[in-house]
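Please read the structure below before turning to the comments.
Residues: numbered from 1 along the sequence shown.
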Amino acid sequence: MSNQLQGKKIAILAADGVERVELEQPRDALQQAGAQVQVMSLESGEIQARNHDLEPAGTFPVDRVVAESSVDEFDGLVLPGGTVNPDKLRLDRSAVAFVAEFVGSGKPVAAICHGPWTLVEAGVVAGRTLTSYPSIRTDLRNAGAHVVDQEVVVDGNLISSRSPADLPAFCATVIKQLSPVSTV
């Protein structure tokens, strides 16, 4: 277990329909790097996870409600995918405002697969370079983003990846972007 993210507090914003592996792997990687991770959602209780969007895959307990949270409390934000999850998030004013404020803060925001849909709704992709699951690339382009087909893309404080197959590179990049810069 590394302590390179010791003292960092990371939010994972998700709703029912989240792709299980896209929440679980980043959460576990961040915790193994020493970060404190909180799952944030639209309501308290639990969120329903899915495998491949269709198969029920258990639940995750919700640590925080987004409407009751502040960007100032966190050092980074992760937006997992699954098609239903970001579709629910982008319909919630508190979630969209939280994402917009987080991107505006300059702190790292990482989105994978369909996660960038919430970035589109927050109005923060124009002029930025991102990748995503192929089916939402038109939405990103229509919102003004430059879309590329790469395993992981970093554009300023935005980190994006295409699919669960990219999770190893995504997790490593998120940890790298959150790590303190060495002064040696």
Side-chain angles (χ1 to χ4, degrees), residues 1-66 69-71 73-89 95 98-99 102-103 105 107-119 130-133 150-154 157-182:
M1 181 168 168
S2 164
N3 285 323
Q4 67 192 88
L5 296 182
Q6 191 69 38
K8 299 280 186 180
K9 191 172 178 183
I10 312 304
I12 298 178
L13 178 57
D16 285 335
V18 65
E19 188 71 21
R20 181 175 193 86
V21 69
E22 293 175 11
L23 188 155
E24 197 167 55
Q25 282 191 26
R27 180 199 63 193
D28 293 353
L30 288 161
Q31 288 175 336
Q32 288 173 5
Q36 179 188 355
V37 181
Q38 293 193 338
V39 175
M40 184 180 297
S41 194
L42 307 176
E43 299 174 0
S44 60
E46 295 181 331
I47 54 174
Q48 299 291 319
R50 294 283 183 264
N51 287 331
H52 312 292
D53 277 328
L54 302 174
E55 303 163 16
T59 62
F60 289 100
V62 173
D63 299 308
R64 300 286 298 271
V65 174
V66 68
S69 301
S70 168
V71 170
E73 299 174 70
F74 299 96
D75 299 296
L77 174 64
V78 176
L79 300 170
T83 56
V84 173
N85 163 49
D87 200 49
K88 288 182 178 283
L89 293 177
F98 186 82
V99 170
F102 219 105
V103 174
S105 76
K107 298 175 189 178
V109 176
I112 188 166
C113 204
H114 288 76
W117 254 348
T118 311
L119 298 173
L130 294 118
T131 194
S132 69
Y133 195 75
Q150 296 176 9
E151 185 176 50
V152 64
V153 175
V154 177
N157 65 324
L158 292 182
I159 305 157
S160 56
S161 280
R162 302 170 298 196
S163 73
D166 299 330
L167 277 164
F170 178 73
C171 293
T173 302
V174 171
I175 290 168
K176 181 181 177 185
Q177 294 298 310
L178 285 163
S179 294
V181 177
S182 175

Quiz item: Checking side chain to side chain contact (heavy atoms under 4.5 Å, CB included) for the pair Leu13/Phe102: CA distance, chi angles, key distance, verdict?
Solution: CA-CA 11 Å; Leu13 178 57; Phe102 219 105; over 6 Å; no

Just how far is it from atom [atom1] of [X] to atom [atom2] of [Y], taken to the nearest 0.5 Å?
| X | Y | atom1 | atom2 | answer |
| --- | --- | --- | --- | --- |
| Leu167 | Cys113 | CG | SG | 9.0 Å |
| Leu79 | Met40 | CG | CE | 10.5 Å |
| Gln25 | Asp166 | CD | CG | 11.0 Å |
| Arg27 | Ile10 | CZ | CD1 | 14.0 Å |
| Phe170 | Ser160 | CZ | OG | 8.0 Å |
| Leu5 | Leu178 | CG | CG | 5.5 Å |

Minimum heavy-atom distance [X]-[Y], with the two atoms named:
| X | Y | answer |
| --- | --- | --- |
| Gly17 | Val84 | CA-CB, 4.0 Å |
| Ala29 | Cys171 | CB-CB, 3.9 Å |
| Phe74 | Ser69 | CE1-CB, 4.4 Å |
| Leu77 | Phe98 | CD1-CE2, 4.1 Å |
| Lys8 | Asp75 | CA-OD2, 3.2 Å |
| Val174 | Ala110 | CG2-CB, 3.5 Å |

Would a 4.5 Å heavy-atom cut-off, applied to side chains only, mark [X] and [Y] as touching?
| X | Y | answer |
| --- | --- | --- |
| Glu19 | Tyr133 | no |
| Thr131 | Val152 | no |
| Ser41 | Val66 | no |
| Gln177 | Val154 | yes |
| Arg50 | Pro56 | yes |

Quiz item: If you draw the axis of the six-membered ring of Phe60, does the NZ or CZ of Arg20 fall within 45° of it and under 6.0 Å from the ring centre?
Solution: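 Yes, Arg20 sits over the ring of Phe60.
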
Exercise. Check Asp16, Thr59, Val39 against Glu46 for a side-chain contact (heavy atoms from CB on, under 4.5 Å) and give me the one that passes.
Key: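 For Glu46, the side-chain contact (heavy atoms from CB on, under 4.5 Å) test succeeds with only one of Asp16, Thr59, Val39, which is Thr59.
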
Quiz item: Only one of Asn85, Ile112, Ile12 clears side-chain contact (heavy atoms from CB on, under 4.5 Å) with Glu22; which?
Solution: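 Single side-chain contact (heavy atoms from CB on, under 4.5 Å) partner of Glu22 among Asn85, Ile112, Ile12: Ile112.
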
Practice problem: Could you walk me through whether Arg64 and Glu73 pass side chain to side chain contact (heavy atoms under 4.5 Å, CB included), step by step? | Solution: CA-CA 11 Å; Arg64 300 286 298 271; Glu73 299 174 70; 2.7 Å; yes

Quiz item: Given the rule in the side chain to side chain contact (heavy atoms under 4.5 Å, CB included) test, do Val21 and Asn51 qualify, once you have shown the distances and angles that lead to the verdict?
Solution: CA-CA 8 Å; Val21 69; Asn51 287 331; 5.7 Å; no

Self-check item: Verdict with reasoning, Leu119 to Leu130, per side chain to side chain contact (heavy atoms under 4.5 Å, CB included)
Solution: CA-CA 10 Å; Leu119 298 173; Leu130 294 118; 4.0 Å; yes

Practice problem: Can you establish whether the number of heavy atoms outside Glu43 located under 6.0 Å from its atom CD is more than 12? | Solution: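 Result for CD/Glu43: open.
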
Self-check item: Whether over 12 other heavy atoms sit under 6.0 Å from Lys9 NZ
Solution: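 Yes, enclosed.
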
